[in-house]
There are 2 protein chains.
Amino acid sequence: MKDIKHFLRQNSLRPTKQRVIIASYLFDGVNKHVTAETLSNKLLKMKAGISLATIYNTLHDFYEKGLLKKLMINSDRIYFDTNTEHHHHFYSKKDQKLIDINVDMKVSGLPKPPKNKKINKIEVLVHLDN
Amino acid sequence: MKDIKHFLRQNSLRPTKQRVIIASYLFDGVNKHVTAETLSNKLLKMKAGISLATIYNTLHDFYEKGLLKKLMINSDRIYFDTNTEHHHHFYSKKDQKLIDINVDMKVSGLPKPPKNKKINKIEVLVHLDN
DNA sequence: CAATACATTAGAATCGTTCTAAACTGATAT
DNA sequence: ATATCAGTTTAGAACGATTCTAATGTATTG
């Protein structure tokens with residue numbers, strides 16, 4: 001509790017009631033993949049009614065501070081990942097579920113990037129049966 | 001022209017005026033990445049005013065028949081790819097541009113998929129500087 | 001060439017997300 | 001403590017991509 005406030009302050013984020021609740025859920029030590037909607041539902045279950053606008057604001061604030069990663073998985077909605085380390089994912093479209101791949105993977109045979117462009121990062125998405 | 005109508009019929013698609021125009025643009029031999037909006041703009045420039053609803057319908061019809069691939073690149077809009085072979089991409093967020101990677105790449109070090117799941121396909125997205 | 005099943009269309013509806021502007025609250029200085 | 005003020009929350013409006021609706025049009029079949 002004290003440490004979450006401290007954690008937010010360390011990241012130049014005022015520890016408001018709402019941000020403390022959201023941060024303590026997101027950063028409880030278990031990596032998560034959330035959308036605004038799934039987070040809102042989870043918070044409702046925890047009896048913390050936080051407006052959708054605040055949820056969007058907070059996810060973006062955390063993202064801006066590098067506390068969350070944005071995932072481009074699906075054109076329907078934006079996914080945020082609490083694991084900001086470079087890593088890859090399994091994705092099950094059927095279950096709309098993401099699973100972290102935390103082992104080291106290598107991609108070989110990569111061609112040269114186009115002129116004047118540098119490779120920033122390589123993202124591997126492993127699609128599971130439908 | 002004759003062959004495009006034939007091509008559409010072969011794919012159980014009635015060769016309407018609009019579908020012929022869109023197909024002859026999309027499948028002219030040069031692979032393309034389009035969104036409903038970029039396709040609409042291109043068609044307007046070609047003086048072919050086709051309603052947005054038809055563009056969406058047609059893209060989805062072509063997708064259903066396996067003539068287009070859907071790319072999950074970005075949560076803002078849906079990208080369709082005329083290259084339906086298994087391949088990978090460079091992506092420049094800054095330019096909002098995709099570039100095909102047609103060489104063979106290998107991903108090594110992949111962990112086992114979760115129980116009862118099979119790997120369907122592996123997609124590699126190479127992000128270019130910002 | 002009539003019948004009909006399928007397509008196209010404008011505009012309305014939908015849905016995720018962002019914006020607005022008014023009310024609120026944490027930090028700071030007094 | 002308290003007033004001040006910048007930063008935050010919120011409901012609801014607005015937005016933009018996409019889908020739906022239902023009326024009109026057209027390719028196919030007999």
Side-chain angles (χ1 to χ4, degrees), chain A residues 1-25 33-44 47-65 67-68 70-80 96, chain B residues 1-2 4-26 33-44 47-65 67-68 70-80 96:
Chain A
M1 188 55 103
K2 192 79 231 146
D3 32 323
I4 282 162
K5 290 193 178 186
H6 185 235
F7 168 77
L8 289 169
R9 277 205 200 82
Q10 275 186 322
N11 287 284
S12 329
L13 290 165
R14 241 193 237 178
T16 63
K17 197 153 47 113
Q18 293 83 345
R19 299 217 270 226
V20 167
I21 292 169
I22 294 175
S24 40
Y25 167 64
H33 306 105
V34 302
T35 67
E37 200 198 358
T38 64
L39 178 54
S40 175
N41 289 339
K42 185 63 80 176
L43 292 168
L44 284 175
K47 312 227 169 279
I50 296 179
S51 84
L52 252 194
T54 299
I55 290 173
Y56 278 105
N57 289 340
T58 303
L59 286 171
H60 283 122
D61 294 343
F62 288 3
Y63 171 72
E64 297 288 302
K65 301 301 181 185
L67 306 177
L68 292 175
K70 228 184 259 197
L71 300 181
M72 307 196 299
I73 290 303
N74 182 307
S75 302
D76 291 352
R77 50 190 27 67
I78 300 172
Y79 283 81
F80 290 90
Q96 294 254 314
Chain B
M1 187 55 102
K2 193 79 229 146
I4 283 161
K5 290 193 178 186
H6 186 234
F7 168 76
L8 288 169
R9 276 203 201 85
Q10 273 186 322
N11 285 285
S12 331
L13 289 165
R14 243 193 234 179
T16 63
K17 194 153 47 114
Q18 292 85 343
R19 299 215 269 225
V20 167
I21 292 170
I22 295 176
S24 40
Y25 167 64
L26 289 178
H33 305 107
V34 303
T35 67
E37 200 197 357
T38 65
L39 179 54
S40 175
N41 290 339
K42 184 62 80 178
L43 292 168
L44 283 175
K47 313 230 171 276
I50 296 180
S51 84
L52 253 194
T54 299
I55 290 173
Y56 278 105
N57 287 341
T58 303
L59 287 172
H60 283 123
D61 294 344
F62 288 4
Y63 171 71
E64 297 287 303
K65 301 301 181 185
L67 306 177
L68 293 173
K70 227 184 260 194
L71 300 181
M72 306 196 299
I73 289 303
N74 182 307
S75 302
D76 291 350
R77 52 191 22 68
I78 299 172
Y79 284 81
F80 290 91
Q96 293 256 316

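As the structure is a computational prediction, the values presented were derived from the model and not from experiment. Throughout, a chain's letter reflects where its sequence line sits, starting with A, and its residues are numbered from 1.
- Whole-Å rounding puts the B:I55 CD1 to D:dT18 P distance at 11 Å.
- Between the CZ atom of B:R9 and the C1' atom of D:dA27 there is a distance of 9 Å, given to the nearest Å.
- Contact annotation for A:R77: backbone-only contact, meaning every heavy-atom pair under 4.0 Å involves sugar-phosphate atoms and none involves a base.
- Under the 4.5 Å side-chain criterion, counting only non-hydrogen atoms from C-beta, A:T35 is not in contact with A:D76.
- The backbone N or O of B:I50 lies less than 3.5 Å from no partner atom in the side chain of B:T54, so there is not a single donor-acceptor pair.
- Distance A:I50 CD1 to C:dC24 P: 18 Å, rounded to the nearest Å.
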Protein proximity profile, nucleotides 19-24 of chain D - base contact B, sugar-phosphate-only contact S, no contact -, cut-off 4.0 Å on heavy atoms: BB----
Check against side chain to side chain contact (heavy atoms under 4.5 Å, CB included), B:M72 and A:M72: CA-CA 7 Å; B:M72 306 196 299; A:M72 307 196 299; over 6 Å; no
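- To the nearest 0.5 angstrom, A:T58 atom OG1 is 10.5 Å from A:H60 atom NE2.
- At whole-Å resolution of the value, CD1 in B:I4 and C1' in D:dA27 are 17 Å apart.
- Rounded to whole Å, atom P of D:dC5 lies 14 Å from atom CZ of A:R14.
- B:K17 places its NZ atom 12 Å from the C1' atom of C:dA7, with the value rounded to the nearest Å.
- Distance CD1/A:I21 to NZ/A:K47: 13.5 Å, rounded to 0.5 Å.
- Base engagement by A:T54 is indicated by at least one non-hydrogen atom pair under 4.0 Å involving a base atom.
- A distance of 14.0 Å separates CG in A:L71 from CZ in A:R77, rounded to the nearest 0.5 Å.
- Contact check, A:T16 against D:dT9: a side-chain N or O comes under 4.0 Å of OP1 or OP2.
- If you measure from atom CD of B:Q18 to atom P of C:dC6, you get 17 Å, rounded to the nearest angstrom.
- The number of heavy-atom neighbours closer than 6.0 Å to NZ of A:K70, taken from other residues, nucleotides and ligands shown, is above 12.
- Look at CG on B:D76: it is 12 Å from P on D:dG16, rounded to the nearest Å.
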